[in-house]
Number of protein chains: 2
Amino acid sequence: MVTLKQLAKELNVSISTVSKALNNSEEIGVETVKRVKELAALYNYKPNKVALSLKQNKTKTIGVIIPDVLNHFLAKVLFGIEREATEQGYNIITCISNESLEKEISSLQLLANGSVDGFILAVAKETQVKNETAHFVKTISQGLPIVMFDRVANDVLCDKVIVDDFEATYHATKKLIVENRRHIAFISNIDDLSVGKLREKGFLKAINEESKVKGSVLKINRLDDGQQKISEFLKGNRSIDGIISADNSSGIIAINTALSFGLKVPKDLSVIGYTSKSMSNHCIPRLTTIRQHAKDIGACAAQLLIKRLQNKSLNDVDYSTKIIKTSLIHGGSTLS
Amino acid sequence: MVTLKQLAKELNVSISTVSKALNNSEEIGVETVKRVKELAALYNYKPNKVALSLKQNKTKTIGVIIPDVLNHFLAKVLFGIEREATEQGYNIITCISNESLEKEISSLQLLANGSVDGFILAVAKETQVKNETAHFVKTISQGLPIVMFDRVANDVLCDKVIVDDFEATYHATKKLIVENRRHIAFISNIDDLSVGKLREKGFLKAINEESKVKGSVLKINRLDDGQQKISEFLKGNRSIDGIISADNSSGIIAINTALSFGLKVPKDLSVIGYTSKSMSNHCIPRLTTIRQHAKDIGACAAQLLIKRLQNKSLNDVDYSTKIIKTSLIHGGSTLS
DNA sequence: TTGAAAGCGCTAACAC
DNA sequence: GTGTTAGCGCTTTCAA
């Protein structure tokens with residue numbers, strides 16, 4: 001990499017002249033500017049990012065801590081973050097907490113040494129289960145803002161971007177009720193996450209509002225064999241005629257299982273899930289889906305963080321929680 | 001963030017004394033070391049990463065350029081890279097090329113300003129189609145090593161990690177032939193990728209070795225409706241009794257479609273795909289799958305790069321290409 | 001045993 | 001219009 005020093009030497013001018021010329025300073029003569037720029041272009045000069053970061057005490061880099069990149073939703077949020085960040089001239093350093101509190105803490109600490117200007121993260125499962133928040137508070141108090149998305153720690157004061165999980169699941173359940181379904185099951189393998197709990201609550205509210213509708217809940221451990229669990233469940237509850245799936249796989253498995261029993265979808269059984277677009281065609285008919293607009297969530301989180309980074313005057317009072325509305329996409333596994 | 005300067009001031013010693021004490025230099029008296037370390041611990045001192053990078057002219061950061069994080073395979077490789085990198089004390093800056101040559105070039109340029117010590121990447125689709133390699137060569141000549149995985153540019157001299165796509169697809173096809181399948185279809189929506197082509201070649205080789213076996217190929221554009229395409233294809237080719245899917249969805253869709261036609265799997269139709277574990281249960285029976293060990297690919301790529309970064313004596317002669325062997329996982333969609 | 005000083009690459013206030 | 005200088009936070013050589 002060429003440095004200002006080398007350019008200066010070759011041009012027989014001082015380093016600061018070169019610097020100013022490249023930064024279009026008014027002070028420098030047009031002729032000099034031209035000479036400098038030509039040589040810089042020739043050598044493909046680019047200002048050293050590290051030196052700039054040191055000088056300006058900001059890295060233009062965001063630390064992103066994702067619990068699990070194999071989760072399609074989270075990967076899509078990452079995609080949204082990356083795009084927005086890149087557009088605004090920020091890089092992202094990605095850490096994968098693997099749902100572990102310890103890894104989450106170490107990632108936070110590791111990057112809180114000047115590597116990044118702030119964080120975007122979804123809280124790890126273990127962290128939510130143990131309800132641990134000290135590491136977040138500490139990071140923020142060190143001057144590194146955090147934006148949480150999807151899985152948030154309610155007690156921590158910071159910007160947040162969430163989905164209307166409760167509302168969306170409530171309305172999805174209502175929709176099945178309107179379709180005249182009388183025994184609706186809620187299937188979830190994310191019972192331990194805040195979003196999983198919210199979705200269940202939304203479901204239960206809708207069920208409890210209707211005396212003639214029966215509700216059942218099936219919780220699946222992630223280590224369980226989903227196909228087998230769902231198969232047993234449906235066999236043991238023959239009256240089920242509607243299903244809400246809280247995670248991105250159970251709805252698909254439920255449809256395929258029901259079909260293998262000879263049931264007709266959506267005639268005998270109506271299903272709605274939180275599956276992503278690319279998976280929603282893994283059953284015939286396609287799954288009717290609650291879209292979370294993951295990309296928008298990522299973009300929104302990035303915007304919130306960058307805004308805060310660039311506007312020092314924002315103070316603790318200004319923390320905002322953005323709710324990204326879901327949409328219901330009809331896929332054929334429901335009547336309409 | 002506390003700096004050496006602040007510690008020095010408070011302790012009434014010089015900056016260099018503090019630095020040496022914290023780095024366990026023999027020069028400094030035990031008593032001083034103790035005092036320094038205590039205060040550093042109290043203030044939770046951490047050496048500023050940016051300053052270290054500037055001083056040592058290396059960032060301990062790897063640039064990772066992924067064509068698409070929503071691709072489960074690529075996401076899993078990213079996971080493998082992240083884990084190995086973290087273990088070895090490296091951070092990763094992730095860029096998503098979105099299969100675009102332009103974004104790939106700009107990501108490379110953007111990080112080649114001192115932000116990273118080297119790159120791990122899979123070549124974008126557009127780059128492969130246009131057979132563009134100049135940007136890779138330029139980056140390497142600037143002293144930033146590249147490790148390519150999965151989708152590689154053969155002409156570029158660098159370390160590579162690939163899968164035995166040709167072999168694996170050849171053997172999978174052979175397996176169907178041994179099962180006495182007589183009309184085997186190859187379905188792919190990744191025809192434009194190097195790996196897609198290799199898989200097709202492996203398929204064709206196996207087919208061409210057997211005169212009594214008929215082969216058909218269905219190429220799906222990513223914008224097409226996969227369900228519809230596959231449905232039409234199977235309807236138009238009733239004799240098909242075996243399917244090899246090159247991508248991670250077509251195999252699942254094919255099974256579900258066949259079942260909806262009333263066919264029995266695997267009795268009437270045998271299917272093998274490249275699907276990932278989490279998706280392989282999106283059909284009943286489960287899809288027999290060629291596992292690519294994506295995590296291992298990522299780990300291997302990271303190891304290769306870090307080894308090169310730490311061993312300046314490695315020269316161009318030493319470039320290696322690692323082949324990660326696939327495994328065939330029986331899932332019920334084949335007879336054995 | 002400790003400290004002063006140089007330097008990594010850059011910017012900017014201040015001289016000339 | 002151009003150059004000198006200091007300083008961002010750190011390591012390291014050399015001097016005391």
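The shown structure was predicted, so the numbers you read here are calculated from the model rather than taken from an experiment. To find a chain, count down the sequence lines: A is the first, B the second, and so on, and within it residues start at 1.
- With sequence neighbours excluded, no residue satisfies side chain to side chain donor-acceptor pair (under 3.5 Å) with B:T133.
- The end-to-end axis angle of the helix from C:dT1-D:dA16 to C:dC16-D:dG1, rounded to 10 degrees and based on five pairs per end, is 60°.
- Within the structure, the side-chain hydrogen bond (donor to acceptor under 3.5 Å, both in side chains) test picks out the following pairs touching residues 41-51 of chain A (sequence neighbours left out): A:E10-A:Y43.
- Residues satisfying the side chain to side chain donor-acceptor pair (under 3.5 Å) test with A:T139, not counting sequence neighbours, are none.
- With sequence neighbours excluded, no residue forms a side chain to side chain donor-acceptor pair (under 3.5 Å) with B:N154.
- Judged as a side-chain hydrogen bond (donor to acceptor under 3.5 Å, both in side chains), the pairs with a partner in residues 56-68 of chain A (not counting sequence neighbours) are, in order, A:T59-A:D117.
- Sorted by first and then second residue, the salt bridge (charged side-chain N to carboxylate O under 4.0 Å, His left out) pairs involving residues 23-33 of chain B (not counting sequence neighbours) are B:K20-B:E27.
- Identified under the salt bridge (charged side-chain N to carboxylate O under 4.0 Å, His left out) test for residues 128-144 of chain B, with sequence neighbours left out: B:E126-B:K130.
- Scored by the side chain to side chain contact (heavy atoms under 4.5 Å, CB included) test, A:L42 finds A:L39 as partners (sequence neighbours excluded).
- With a heavy-atom cut-off of 4.0 Å to chain A, the contacted part of DNA chain C has its first and last nucleotide at C:dC8 to C:dC14.
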Readout for nucleotides 9-16 of chain D: B = base within 4.0 Å of protein heavy atom, S = sugar-phosphate only, - = neither; 5' to 3' it is BBBBB---
Do any side-chain atoms of residues 102-115 of chain B form donor-acceptor pairs under 3.5 angstrom with protein atoms, and if so which ones, sequence neighbours left out?
unit_1, atom_1, unit_2, atom_2, d
B:K103, NZ, A:E82, OE1, 3.3
B:K103, NZ, A:E82, OE2, 3.0
B:K103, NZ, B:I96, O, 2.7
B:E104, OE1, B:T127, OG1, 2.9
B:E104, OE1, B:H135, NE2, 2.7
B:E104, OE2, B:A124, N, 2.8
B:S106, OG, B:E102, O, 3.4
B:S106, OG, B:K103, O, 3.1
B:S107, OG, B:K103, O, 2.7
B:N113, OD1, B:S115, N, 3.3
B:N113, OD1, B:S115, OG, 2.8
B:N113, ND2, B:L110, O, 3.2

